[in-house]
Each structure stands twice: as structure tokens, then as C-alpha cells.
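Read through the structure below, which is laid out as C-alpha cells, and then see the notes.
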Amino acid sequence: MVHLDLRKIGDAGVAVLRMDNPPVNSIGSQVRVALGERLAAALADDTVQAIVLTGTGKFFCSGADIREFNTPKTQIRPLLRELIATVETAGKPIVAAINGTALGGGLELTLGCHGRVASEDAKLGLPEVKLGVLPGAGGTQRLPRVVGVPAALNIIVEGEPLTAQQALECGLVDEVAADPVEAACRLALEIRRGERASRAIDPAPLGDVVPANVFEEARRNAQRRYRGCIAPQECIACIEKTLHTDLQTGLTFEAERFKFLVEGDQSKAQRHIFFAERKAAKLPTSAPAAEVRSVGVIGAGTMGGGIAMSLVNAGIPVVLFEQSEEALQRGLGVIQKNYEVSRKRGRFTQEEIDARLALIRRSLDYSDLADVDLVIEAAFEDMQVKKDIFAKLDQACKKDAILATNTSRLDINEIAAVTSRPAQVLGMHFFSPANVMRLLEVVKGARTADTVLATVFRLAQRIGKIPVLVGVCDGFVGNRMVSHYTREAYFLLEEGCTPAQVDGALRRFGMAMGPLQMQDMAGLDISWAARKRQAATRPAHLRYSKVADRICEMGRFGQKTGSGFYRYEAGSREPIPDPEIDALIAQCAAEAGITRREISDEEIVARTIYALVNEAARIVQDGIAQRPSDIDVVYVAGYGFPMFRGGPMFYADTVGLPKVLETIRQFHAEHGQYWEPAPLLVELAESGRRFSDL
Ligand code: T1G
């Protein structure tokens with residue numbers, strides 16, 4: 001747990017305390033107790049002139065043990081902030097040797113030390129805001145006193161880690177060393193001998209070190225970037241305290257705000273997503289993963305181009321295939337333009353972009369795909385087009401190559417059946433823009449081999465995606481649910497809402513974008529094609545809204561045609577309400593004999609979000625998703641569902657399944673069959689259980 005090694009350096013003794021709590025050296029109650037004991041021993045030992053704190057392997061300390069939050073273990077003494085106070089006020093110099101990742105409480109521990117040395121590959125950050133809390137062991141009070149207020153605001157509100165070099169440049173660490181423990185021992189003794197100044201924190205208020213509007217600006221930015229999240233605002237309030245309050249007063253305020261957040265629904269939701277993402281990435285098989293050295297991408301359109309970028313961004317060579325030179329040039333042009341935008345934003349240097357573009361080999365010939373380990377097909381969303389491509393790929397590619405399709409809803413098994421290798425065929429459903437969106441639905445076909453799943457899951461993590469295993473059905477998980485969500489949005493239009501009212505209610509709920517604006521962004525023609533495909537099997541007795549079809553019949557496909565549910569000025573994505581659409585909706589309602597009425601935000605949210613929940617319960621029941629939390633990951637990472645609500649299933653649990661069921665039964669009585677409660681939802685609600693129990 002915490003090892004104590006005594007080192008003799010010259011005639012001086014240095015106690016090296018090494019935290020060792022795999023897998024990520026989190027600091028829970030047991031580590032705190034052990035560290036407290038070792039520290040007391042080293043401080044009491046007269047042969048020890050200085051102390052060094054360090055970690056094990058790749059981790060210094062990944063912060064407090066998140067699993068202990070909201071449990072009695074958090075009250076076991078010493079508390080982390082008490083340990084840090086002991087370090088800070090120790091009579092012997094204590095230096096942190098940051099041997100790797102130091103996050104949250106781990107970095108806060110080093111802020112109590114009298115010096116900090118980092119290894120070259122160290123990562124240093126305070127990501128608590130991503131868990132809906134704040135750095136509650138002094139980070140908001142000590143970091144501004146070490147790196148200054150502007151840098152502290154950025155580190156704490158954004159929650160992104162710094163490299164060792166960046167930490168050196170902003171004064172967070174004193175040195176970067178190949179052997180941080182050796183360097184820390186030397187620094188500690190130099191401080192002991194008075195040859196180097198101690199970096200002990202000055203507890204006095206900082207005073208007006210920054211213009212007052214810095215905090216207003218920070219609040220406005222955080223409100224815009226993290227709409228609905230309360231933790232960033234609390235972080236800013238704590239940091240602001242450093243200007244005019246001393247350290248102890250600030251620490252008390254910080255502890256009180258931490259308690260408020262950690263007991264709140266938002267943090268519970270964000271922690272749920274933290275663990276849900278890690279659970280989703282685990283496959284129910286121990287089959288070995290094969291190496292993917294190069295990938296073929298079929299189609300250089302919006303999706304193909306984004307997929308190629310996410311692969312070369314991870315250093316994986318790509319053969320980008322198109323049917324015509326013109327299409328290839330157009331696709332490569334879009335990729336270059338996207339990189340140019342990233343360069344202007346300082347994300348990539350020109351050298352880095354050139355290196356990525358050099359990994360893209362352009363192709364008009366299937367034989368260029370003979371040696372790739374995986375092909376991802378991102379061609380036009382039509383079954384026959386995809387079957388033709390897979391038949392050709394089956395001939396052109398080496399026998400053990402994996403063939404994946406980026407279809408967003410077509411039957412993987414039907415595509416696999418045209419090949420001689422159905423075990424090597426699966427779906428890899430990326431989300432637009434594919435080089436940005438982190439979600440990847442990995443669609444397991446009836447005959448997809450476990451080794452193929454393992455290979456694609458490992459590749460997904462390598463390219464920074466969150467893989468979620470889903471089964472074959474129309475729309476898999478995300479799109480199968482979204483069609484129920486948009487159905488209710490269309491019905492709400494007919495019953496009295498405007499597009500802006502529906503979208504506004506869901507934006508206030510926290511969605512990144514409302515359903516109708518989202519449809520305009522994705523292109524109305526895609527869902528129109530799907531509705532046409534489904535028309536043959538849609539039961540005639542079921543209600544069907546013609547609103548979206550009518551808009552498409554007018555040639556309005558959304559942003560790409562300058563109008564859809566909204567109008568868009570040239571070059572702008574800002575949705576402008578259009579009276580012509582209001583009239584069209586009223587016409588459809590009249591034809592359907594619907595009397596329009598006032599509709600509340602509450603009803604809009606319940607009808608759309610519970611439509612998601614009810615269909616999601618069917619998806620779990622059908623085994624299309626492994627567990628409810630996977631569905632939360634799909635919606636938070638792929639559909640703009642607010643992280644601070646934890647996804648549709650966690651949100652339903654938070655509301656309470658009996659209440660959700662009661663409302664759905666009410667909708668069932670009012671609106672008919674679409675709202676028949678999912679048997680799994682009924683079973684859980686009536687047995688007092690939750691989705692999170694599954
Ligand atoms: N507590 C408990 N478990 C943790 C953990 C933590 N802090 N960090 C990781 N795990 C588990 C994780 O669930 C997984 O478990 C396994 O470790 C490997 O993780 C007072 C209040 C450190 C960068 O926010 O960002 O300090 O799935 O798959 O990709 O102010 O984990 O195997 O059962 O992610 O190598 C602040 C959270 C806490 C860091 C490693 N710290 N962790 O990434 O491995 S709040 C954080 C991470 C705090 C103080 C406050 C990453 C990582 P399982 P992994 P990885």
C-alpha cells in the first residue's frame with residue numbers, strides 16, 4: 001500500500017514514501033491511513049532529514065478513490081486535506097517525485113509539498129470538474145497560489161491534464177527529471193540546507209492580482225461551454241476566494257462547496273458515466289485481439305473522410321478508396337480543410353498535419369486493399385450498393401482481413417451473407433464528425449467472431465473512441481431510440497408546438513441540440529429515406545406525422561439546402577424560425593383532425609425523453625445492448641444527452657421508475673400503442689428495482 005524506503009545520501013537520510021495501489025494508485029481510506037502512519041514515522045525518525053513522496057509504475061496518484069464517494073469511508077481519518085496539512089506544516093522538507101500521472105487529490109497532495117519534480121512523461125491535472133465536483137483537498141486554494149489565477153482557472157475549469165513540460169513552464173513543478181526520485185531527494189536536501197527555497201504555499205490572500213472581470217469572463221465561458229453544469233461555476237467561486245481570503249478560510253469554503261456538489265445529482269450522474277464508459281469498453285470475451293497495421297476506407301465523403309482522419313491521427317496508415325478521381329479529390333480537399341481549421345485553432349502544427357496526410361494513400365483500385373488488416377466501408381446508405389462493395393472486398397482483401405460497414409441502421413447479417421467470411425464482418429458505426437465524436441457502436445453480426453470484436457475494440461481505444469457493443473436491429477441502439485424521440489417531436493408540432501419551442505425545451509433540459517435542429521444538421525433526406533423504407537411495414541392504424549415528409553417534398557433537407565425545419569443564412573448554422581413551416585405544420589394538423597393546444601416544456605421533455613427510455617428498455621430486453629449503462633454512454637457520447645443527467649437510463653432511475661411508468665401509462669392511455677410500456681420497465685418499476693441494478 002505505502003512503502004517506506006530509507007535512502008542514505010551522503011550523511012543525510014531521506015525517507016522515500018511510495019504509494020502502491022494498483023491499477024491507478026487512487027488514494028482511498030486505506031492508502032490515507034497507511035500514508036499517515038508512514039509520514040508520522042518518517043517525521044519522528046531523527047535519522048531522516050527529508051522526505052520524498054512518490055508513486056509506482058505509470059501513476060503517482062490518480063486522485064481520491066471515486067468508488068468511496070458518498071460512503072462512510074470518506075470520513076475515515078486522516079482525511080486527504082488533513083494529510084496535506086501535515087505535509088505542508090512538516091518540520092522537514094517534503095518533496096513530491098511525480099513519477100507519472102498525478103490527478104485530482106494526487107496533484108493536491110503535491111501542492112502541500114515544499115517542492116515538486118516530475119518525470120518526462122508525467123501528466124498533471126485536476127479533472128474533478130468532469131466528475132461534477134471540484135478539487136476538494138485544497139486544489140482551488142493552493143494551485144492559484146502556485147501558478148497564478150488565470151492558469152489555475154484554465155486547469156481547474158477545463159479539467160485537462162498538463163504535460164511535464166507545460167507544468168514546468170507554468171511553475172507547477174520545479175524540475176523535470178529522468179529519475180524524479182533521485183532528483184527529489186537532492187532537492188529536498190538542498191531545501192534542508194537552505195540552498196534552494198521551499199515552495200511552501202504563502203497562506204495570505206493574493207489580493208487584486210487579476211482584473212475583476214476575469215471571473216465574470218470565466219463564468220460566461222463556462223456557462224456557454226458547459227451549459228447546465230454547476231461544478232465549473234463552483235470551481236470559479238472557490239478560486240475567486242483566493243484574492244481576498246487567507247488559505248484556511250478558503251479551504252473551509254472549498255470543503256463546503258465540495259460537499260454540496262458530491263451529494264448532488266449532477267456529480268452522481270457524471271460519475272455514473274465515468275464508470276459506464278469503462279464498463280462498456282469491456283468485452284464479454286477473452287478472445288485475443290489481432291494487430292491492425294493498416295486500414296482501407298471505402299468512400300471519401302463526410303463519414304469516410306472523418307474516419308480516415310481519426311485513424312491517421314493515431315498513426316495508422318489508410319488506403320482511401322473512391323470510385324472516381326473527382327470524388328477522391330473532393331474528399332481529400334475536405335480532409336485538408338478540416339486540418340487547416342485545426343491548425344488555426346492551434347491543435348496541430350503544419351508538420352503534424354503533413355505527417356498525417358502522408359499516411360493517407362489515395363486509391364481507385366480494389367487491388368490496393370489486398371494487404372490491409374481491416375476495411376471500413378462508408379459508402380452511400382443503400383443495401384445493394386453495400387452488398388456490391390462487400391462482394392468486391394471479399395475478392396480483393398486477404399483472407400484474414402476484417403470487413404466493417406459504417407452503416408447507421410442496415411442489416412449487417414444481410415451484408416455479411418454476400419461474403420465468404422461472415423465471421424470477419426461486423427458494423428463499426430461512427431458518429432459525425434467521425435474525427436471528433438468519441439462514440440463507436442460496434443455491431444456484432446450473427447456470425448461475427450469474438451477475435452474480430454476484440455480486435456475492433458482495441459482499435460477503437462487506440463483511436464480515442466468509446467466502443468459500445470450492440471446487436472443487429474434497425475438502427476442498432478442509438479438510431480432505433482432516436483426515431484421514437486423524433487416521432488414524439490413531430491407529434492408535438494402537430495399538437496401545438498413550434499420547432500423552436502420543442503428544441504428550446506430540450507436545450508433547457510440540457511441536450512446539446514434539440515431534435516429538429518439536429519435533424520436539420522444531419523440532413524432530413526437520410527431519415528426520409530429510412531421512413532420510406534419502413535413505410536411498407538408501418539401498421540396503418542398507427543398515427544403517422546406527415547410534417548417531415550412534406551418539408552422534404554419541398555426540397556428542404558436542412559442545413560445542406562439552406563432550409564429544413566428552420567431557415568439558415570448562407571454560411572451560418574444559426575436556425576431561424578420560418579413562418580412557412582409553422583403554416584405547413586398547422587396544415588398537417590388540420591388534415592389529421594388535430595386540435596392544437598398550449599404545451600408545456602415539462603410535457604415536451606417527458607414525451608421525448610421517456611420515448612427514449614421506453615424504447616431503450618425494449619433494447620435491453622431484446623439483448624441488443626449488454627446493459628442499460630451502455631445506452632447511457634451511447635446517448636451522452638453520441639447524441640448530445642447532457643452528461644450531468646447521466647444518460648436516459650440513469651435519468652429515469654433518478655426520476656424514479658414508478659413515476660416514469662406512471663407517466664408512460666398516462667401517455668399510453670392518451671396517445672395509444674406507441675406508448676405501451678416496455679415489459680422490462682414495468683417489471684423493474686413494480687419490483688422496486690432500477691436500471692442500474694441490471
Ligand atoms: N478512483 C477509483 N477507481 C479509479 C479511479 C479513481 N480515481 N481512476 C481510475 N479508476 C479505475 C477505473 O474505473 C478502472 O476500473 C481502472 O481504475 C483503470 O482505469 C479530493 C475529490 C487515471 C487517467 O478524475 O482519468 O481526487 O474498470 O480504464 O485508461 O479533490 O482512469 O478496471 O474496474 O480509466 O489507464 C480525480 C480518474 C478523482 C481521475 C487512467 N481523479 N481516472 O486511465 O485506466 S476526484 C480523476 C482517470 C478527487 C479530490 C477529488 C483514468 C486514468 P475497472 P482506466 P486508464
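Start at 1 and go down the list; that is how both ligands and their atoms are numbered.
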Based purely on interatomic distance, does Glu128 place a nitrogen or oxygen under 3.5 Å from a nitrogen or oxygen of ligand 1?
yes

Looking only at protein heavy atoms, which one is nearest to atom 32 (O) of ligand 1, and what is the separation?
Lys282 NZ, 3.5 Å

Below 4.0 Å from ligand 1: does a non-hydrogen atom of Thr101 turn up there or not?
no

Would you confirm whether any non-hydrogen atom of the protein falls under 4.0 Å from atom 29 (O) of ligand 1?
no

Using a 4.0 Å cut-off to any heavy atom of Pro135, which atoms of ligand 1 qualify?
30 (O)

Quick one: does ligand 1 sit under 4.0 Å from the side chain of Ile27, the backbone, both or neither, non-hydrogen atoms only?
neither

Report yes if Ile66 has an N/O atom closer than 3.5 Å to an N/O atom of ligand 1; otherwise report no.
yes

Is the positively charged end of Arg278 above the ring of Phe274, judged by distance under 6.0 angstrom from the centroid and angle within 45° of the axis?
yes

Just jot down the ligand 1 atoms closer than 4.0 angstrom to any heavy atom of Glu108, in number order.
20 (C), 30 (O), 49 (C)

Looking only at protein heavy atoms, which one is nearest to atom 52 (C) of ligand 1, and how far off is it?
Phe59 CE2, 4.4 Å

Protein heavy-atom partner closest to atom 7 (N) of ligand 1 - residue, atom, separation in Å
Ala64 O, 3.0 Å

Protein heavy-atom partner closest to atom 2 (C) of ligand 1 - residue, atom, separation in Å
Asp65 OD1, 3.2 Å

Answer with yes or no whether Gly139 contacts ligand 1, where contact means a heavy atom under 4.0 Å from a ligand atom.
no

For Ser62, is at least one N or O under 3.5 Å away from an N or O on ligand 1?
yes

Would Phe650 and Phe644 count as a ring-ring contact (aromatic ring centres under 6.0 Å, His included) here? Give the steps.
CA-CA 10 Å; Phe650 186 87; Phe644 62 81; over 10 Å; no

Nearest neighbour in protein (non-hydrogen) for atom 23 (C) of ligand 1
Leu103 CD1, 4.0 Å

Tell me, please, whether Phe69 has Arg271 positioned over its six-membered ring: NZ or CZ under 6.0 Å from the ring centre and within 45 degrees of its axis?
no

Nearest-neighbour protein heavy atom for atom 4 (C) of ligand 1, which is reported as residue plus atom name and distance:
Val24 CG2, 4.0 Å

Heteroatom distance test (Gly136, ligand 1): nitrogen or oxygen, under 3.5 angstrom
yes

Does CD belonging to Glu88 count more than 12 external heavy atoms closer than 6.0 Å?
yes

List ligand 1 atoms under 4.0 Å from Gly105, heavy atoms only on the residue side.
26 (O), 48 (C), 49 (C)

Atom 17 (O) of ligand 1 protein-contacted, heavy-atom criterion under 4.0 angstrom:
yes

Pick whichever of Arg278, Glu68, Lys123, Glu277 has a heavy atom sitting closest to atom 51 (C) of ligand 1.
Arg278

Against heavy atoms of Phe258, which atoms of ligand 1 measure under 4.0 Å?
21 (C)

Closest heavy-atom approach to atom 15 (O) of ligand 1 among Arg67, Lys279, Lys58 is made by Arg67

Counting only nitrogen or oxygen atoms and a 3.5 angstrom limit, does Gly104 reach ligand 1?
no

Once you round to the nearest 0.5 Å, how far does CG of Asn154 lie from CG of Leu143?
10.5 Å

Considering only NZ, NE, NH1 and NH2 on the basic side and carboxylate oxygens on the acidic side, decide whether Glu291 and Arg458 come within less than 4.0 Å.
yes

Is it the case that atom NZ in Lys92 sees more than 12 heavy atoms from other parts of the structure closer than 6.0 Å?
yes

For Asp653 and Ser692, which I'm curious about, is there any donor-acceptor pair between the side chains at under 3.5 Å?
yes

Where do Tyr651 and Phe509 land on the ring-ring contact (aromatic ring centres under 6.0 Å, His included) test, with the steps shown first?
CA-CA 11 Å; Tyr651 172 68; Phe509 174 78; 5.0 Å; yes

Heavy atom of protein closer than 4.0 angstrom to atom 41 (N) of ligand 1
yes

Are any of the side-chain heavy atoms of Asp20 and Pro22 separated by less than 4.5 Å?
yes

Residue Gly63 vicinity, atoms of ligand 1 by number, heavy atom under 4.0 Å
26 (O)

Does ligand 1 have any atom sitting under 4.0 Å from a heavy atom of Val133?
no

Lys/Arg N to Asp/Glu carboxylate O, Arg438 vs Glu277, below 4.0 Å
yes

Give yes if a backbone or side-chain nitrogen or oxygen of Phe275 is under 3.5 Å from a nitrogen or oxygen of ligand 1, and no if not.
no

Looking at Thr245, Thr252, Asp246, which one forms a side chain to side chain donor-acceptor pair (under 3.5 Å) with Thr249?
Asp246

With salt bridge (Lys or Arg N to Asp or Glu O under 4.0 Å) as the criterion, how do Glu256 and Lys259 come out once you've worked through the C-alpha distance, each side chain's angles and the decisive distance to 0.1 Å?
CA-CA 5 Å; Glu256 189 261 323; Lys259 185 170 183 310; over 6 Å; no

Residues Glu158, Arg225: salt bridge by 4.0 Å N-O rule:
yes

Is it true that Arg220 and Glu217 make a salt bridge, defined as a side-chain N closer than 4.0 Å to a carboxylate O?
yes

Derivation and outcome, side chain to side chain contact (heavy atoms under 4.5 Å, CB included), residues Met309 and Arg356:
CA-CA 8 Å; Met309 289 177 72; Arg356 283 161 172 74; over 6 Å; no

Where ligand 1 meets Phe69 - atom numbers and elements under 4.0 angstrom, heavy-atom basis
21 (C), 45 (S)

Show me which atoms of ligand 1 lie under 4.0 Å from any heavy atom of Pro23.
16 (C), 17 (O)

